[in-house]
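Step one of this worksheet: look at the structure below.
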Amino acid sequence: MNQDPIEQLDVKAKFIRGFSDKTRLQILECIKDKEKPVSQIVDEIQGNQSNISQHLACLKGCGIIVGRQDGKYVYYSLSNEKIKDMLHMFDTVLSLVHDGVTKCDTGLY
């Protein structure tokens, strides 16, 4: 991975955007401990099948999750344990900066 620093930042920002959507975070939390089919993900996060499928495609395209075909079902899981570690780290860091984040109103979203 011998990229120039600006290109590395672009890729890093793209990766982080994968985690910056509420629905995608719900999906990741839903499958962080066990692989699940789309229908179960839809039921658990009470979402729209089409919308969730689009988010699953985004997460899969970024390499954050993987899909495993089993008959007519596709089971989704995190691509590796480091992603699960990141989700736990997000919770840990958020607990430290929660008050500041809730007050953050920069309008730069």
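Every heavy atom of this structure was used, including side-chain atoms; hydrogens, water molecules and symmetry mates were not.
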*asked:* According to a hydrophobic-cluster definition based on side-chain heavy atoms being under 4.5 Å apart (Ile, Leu, Val, Met, Phe, Trp, Tyr only), do Ile64 and Val74 belong together?
replied: yes

*Decide whether Ile83 and Val11 are clustered together by the hydrophobic rule: side chain heavy atoms of Ile, Leu, Val, Met, Phe, Trp, Tyr closer than 4.5 Å, transitively.*
no

_Holding to salt bridge (charged side-chain N to carboxylate O under 4.0 Å, His left out), I want the full list of residues that pass it with Glu35, two or more places apart in sequence or in another chain._
Arg68

*Quick one: list whatever passes salt bridge (charged side-chain N to carboxylate O under 4.0 Å, His left out) with Asp99, sequence neighbours left out.*
none

*Under the 3.5 angstrom rule, does the side chain of Asn48 hit a backbone N or O of Asn51 as a donor-acceptor pair?*
yes

*For residues 41-60, which residue pairs qualify under salt bridge (charged side-chain N to carboxylate O under 4.0 Å, His left out), counting only residues two or more places apart or in two chains?*
Lys36-Glu44

Quiz: residues 89-98 side-chain donor-acceptor pairs under 3.5 angstrom, not counting sequence neighbours:
from, atom 1, to, atom 2, distance (Å)
Thr92, OG1, His88, O, 3.1
Ser95, OG, Thr92, O, 2.6

*asked:* As an exercise, state the distance from CD1 of Ile31 to CD of Gln26, rounded to the nearest 0.5 Å.
replied: 12.5 Å

*Rounded to the nearest 0.5 Å, what separation is found between the CZ atom of Phe19 and the CG atom of Leu25?*
8.0 Å

*side chain to side chain contact (heavy atoms under 4.5 Å, CB included) involving Asp21 - partner list, sequence neighbours excluded*: Thr23, Arg24, His55

*With sequence neighbours left out, write down each residue that passes side chain to side chain contact (heavy atoms under 4.5 Å, CB included) with Lys103, or none if nothing qualifies.*
none

Is there a side-chain contact between [X] and [Y] (heavy atoms, below 4.5 Å)?
X: Tyr76; Y: Ile27; value: no
X: Ile65; Y: Ser79; value: no
X: Gln54; Y: Cys58; value: no

*Which atom of Val38 lies closest to which atom of Ser53, heavy atoms considered*: CG1-OG, 4.2 Å

_Does atom CD (Gln69) have a neighbourhood of more than 12 heavy atoms from anything else shown, all under 6.0 Å?_
yes

*Check each of Leu87, Asp33, Leu59, Val66 against Leu78 using the side-chain contact (heavy atoms from CB on, under 4.5 Å) test, and report the only one that passes.*
Leu87

